[in-house]
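In what follows, a structure is listed as structure tokens, so that the remarks can point back to it.
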Amino acid sequence: MTDSQIPKEEYVTDSHLPKDFRWGFATACYQIEGAPKADGKGESIWDVFTHIPGKVWDGTNGDVACDSYNRTAEDIELLKSTGANTYRFSLSWTRIIPLGGRNDPVNEAGLQHYVKFVDDLHAAGITPMVTLLHWDLPDGLYQRYGGYLNKDEFAQDFENYARVVFKAFGDKVKYWITFNEPWCSSILGFNVASHAPGRTSDRSKSDIGDSSTEPWIVGHSLLIAHSRAVKVYRDEFKEKDGGIIGITLNGDYAEPWDANDPLDVDAANRKLEFTYGWFADPVYYGKYPDAMRKQLGDRLPDFTDEEIALVKGSNDFFGINSYGDNYIKHKEGEPAPDDFYGNLDVLDQNKAGDWIGPETESVWLRPNPRGFRSLLNWLNKRYGGPIFYVTENGTSLKGENDKPREEILDDEFRCWFFRGYIGALADAYTKDGIDIRGYTGWSLLDNFEWHEGYRTRFGVTYVDYEGGQKRYPKKSAHEVGQIFGKYIKKD
Ligand code: GBH
């Protein structure tokens with residue numbers, strides 16, 4: 001058996017999910033909308049980054065993507081046909097405030113686009129779950145003061161943007177997410193440089209940047225900006241509008257490479273602290289994890305007392321984005337100055353040579369449903385049983401893009417993935433007593449997979465990019481609804 005075959009092992013469980021469980025699919029504006037100049041939209045750092053030659057593997061960009069800006073009705077029909085009751089999507093800040101800042105003009109046309117979209121979703125019986133920022137920071141703010149690098153300016157501008165949105169349609173949305181995956185904005189944008197704005201110490205990739213300090217500054221800014229937006233919501237809107245607000249963090253589970261080596265066991269735990277703990281420890285406990293402070297010293301910013309008061313307790317719920325699983329092996333010696341995982345190797349095989357899961361189109365993603373249940377348990381324990389929403393989970397398929405359309409539509413591997421992960425979710429709820437209230441799979445549509453371009457597909461719907469962005473539901477588009485139909489209690 002090769003490691004890329006569809007696993008024969010089915011995840012079997014008699015667990016269930018509660019009657020009022022929210023489920024559906026997720027997207028992000030830059031990945032699906034296209035229409036980068038429509039109705040007065042300004043440029044984001046992703047509009048700029050994707051037009052720099054060499055940044056995106058296949059030389060593409062999000063200028064058209066799925067053309068969803070012009071096809072909201074079609075996307076809503078698609079959602080309805082899956083049976084979903086929830087849709088998670090993100091707002092384009094630069095459609096709403098083209099230059100981004102608190103003294104810059106608001107673009108009424110951009111704002112009204114989303115007001116109408118939210119109304120149309122409700123009319124279709126679908127509950128909106130809205131992310132304020134999924135990585136597409138206004139380039140105006142990056143140019144003006146370095147964007148996330150300037151904590152005070154950025155936090156004020158994000159707070160203002162959030163208030164503009166809450167004022168315009170806060171009464172229509174009950175689920176708010178401040179940031180999607182601040183880890184990615186910090187590490188991939190300011191260290192690895194695979195994401196906008198592409199800063200790094202590696203001078204072969206960028207003339208500017210310092211991987212040893214900037215990601216930690218950026219992460220700190222994002223935490224402060226998150227908590228200020230939450231404060232605005234709680235002080236000015238929550239009572240009237242009755243919604244909840246939180247941040248979505250990303251990370252895959254981490255298992256020791258050698259379960260008998262305490263150093264690998266520690267390293268696996270440390271990897272979770274460096275991904276989830278970096279943001280969740282401040283939000284739940286008002287401080288960074290000790291392991292991070294120990295390794296990073298004063299490169300990790302300190303919280304002022306005022307900041308601690310803001311950040312601590314700033315989640316009504318915990319949003320989780322998780323995909324695969326990894327084996328973790330500790331590294332010997334001192335960590336490199338640009339290390340961001342906690343001095344360890346992230347591997348796909350353990351000491352015995354077992355693969356953590358089957359191969360996909362994404363080098364970083366090998367699925368393992370049991371690992372997902374373990375992750376939910378790790379987070380639940382560490383953060384004292386908060387309310388969770390799984391805001392992203394899904395998979396690419398090895399070689400999917402190279403197949404003819406009829407074969408792409410028969411995505412049994414993705415169906416296997418969802419059966420396993422949703423089964424693990426049901427076990428976490430029923431058997432482990434974890435308070436999980438919703439799940440949105442990634443993604444409703446094949447879409448612009450950031451620096452990987454269009455080759456890597458995550459959709460339950462095939463999008464024909466050469467054929468006018470026509471949508472064709474894959475087998476998984478129906479499978480997910482059947483899985484939830486099986487688990488969600490009827491009475
Ligand atoms: C999500 O991130 C994004 O929110 C979504 O927009 C995206 O389309 C989806 O995943 C699928 O990729 O090898 O060191 O560069 C998932 C979290 C974290 C997964 C970074 C890829 C690469 C780490 N991502 N990870 S590295």
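One-based numbering, in listed order, for ligands and for the atoms of each.
- Using a 4.0 angstrom heavy-atom cutoff, His134 counts as in contact with ligand 1.
- Residue Asn180 places at least one N or O, backbone or side chain, under 3.5 Å from an N or O of ligand 1.
- By the criterion of a heavy-atom distance under 4.0 Å, neither the backbone nor the side chain of Val363 is placed next to ligand 1.
- Checked by distance only, ligand 1 and Asn250 stay at 3.5 Å or farther apart across all their nitrogen or oxygen atoms.
- Taking distance alone, with nitrogen or oxygen atoms compared against 3.5 Å, Trp183 stays at or beyond that limit from ligand 1.
- The two residues Asp136 and Ser92 make their nearest non-hydrogen contact at OD2-CA, 3.8 Å.
- When only interatomic distances are considered, the shortest N/O to N/O separation between Trp442 and ligand 1 falls below 3.5 Å.
- You'll find the ring centres of Phe21 and Tyr429 outside the 6.0 Å limit.
- Considering only non-hydrogen protein atoms, atom 26 (S) of ligand 1 sits nearest to Leu188 CD2, 4.4 Å.
- Scanning the protein heavy atoms around atom 3 (C) of ligand 1, the nearest turns out to be Glu392 OE1, 3.3 Å.
- Regarding atom 14 (O) of ligand 1, its nearest protein heavy-atom neighbour is Tyr341 OH, 3.9 Å.
- Side-chain atoms of Thr200 and Ser206 form no donor-acceptor pair, as typed in the model, at a separation below 3.5 Å.
- Only the side chain of Cys184 comes within 4.0 Å of ligand 1, counting heavy atoms alone; its backbone N, CA, C and O stay farther away.
- Protein heavy atom nearest atom 10 (O) of ligand 1, with residue, atom name and distance: Tyr323 OH, 3.3 Å.
- Annotation: cation-pi geometry satisfied between Arg405 and Tyr472 (NZ/CZ under 6.0 angstrom from ring centroid, within 45° of ring axis).
- Paired with Tyr389 under the rule ring pair (Phe, Tyr, Trp, His ring centres under 6.0 Å), one option of Tyr175, Trp176, Trp23 passes, and it is Tyr175.
- When the heavy atoms of Trp364, Phe448, Phe340 are ranked by distance to atom 25 (N) of ligand 1, first place goes to Trp364.
- Between Phe117 and Phe89, the ring centre distance stays below 6.0 Å.
- With hydrogens left out, the protein atom closest to atom 8 (O) of ligand 1 is Glu449 OE1, 2.7 Å, a heavy atom.
- Nearest protein neighbour of atom 16 (C) of ligand 1, counting heavy atoms only, is Glu181 OE2, 3.4 Å.
- In summary, the aromatic rings of Phe169 and Tyr114 are positioned with their centroids too far apart to meet the 6.0 Å limit.
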Legend entry - Chi angles and distances behind the side chain to side chain contact (heavy atoms under 4.5 Å, CB included) call for Ser68, Thr27: CA-CA 10 Å; Ser68 284; Thr27 60; over 6 Å; no
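- For an aromatic pair to be called close, the ring centres must be under 6.0 Å apart, and Tyr341 with Phe274 fails this.
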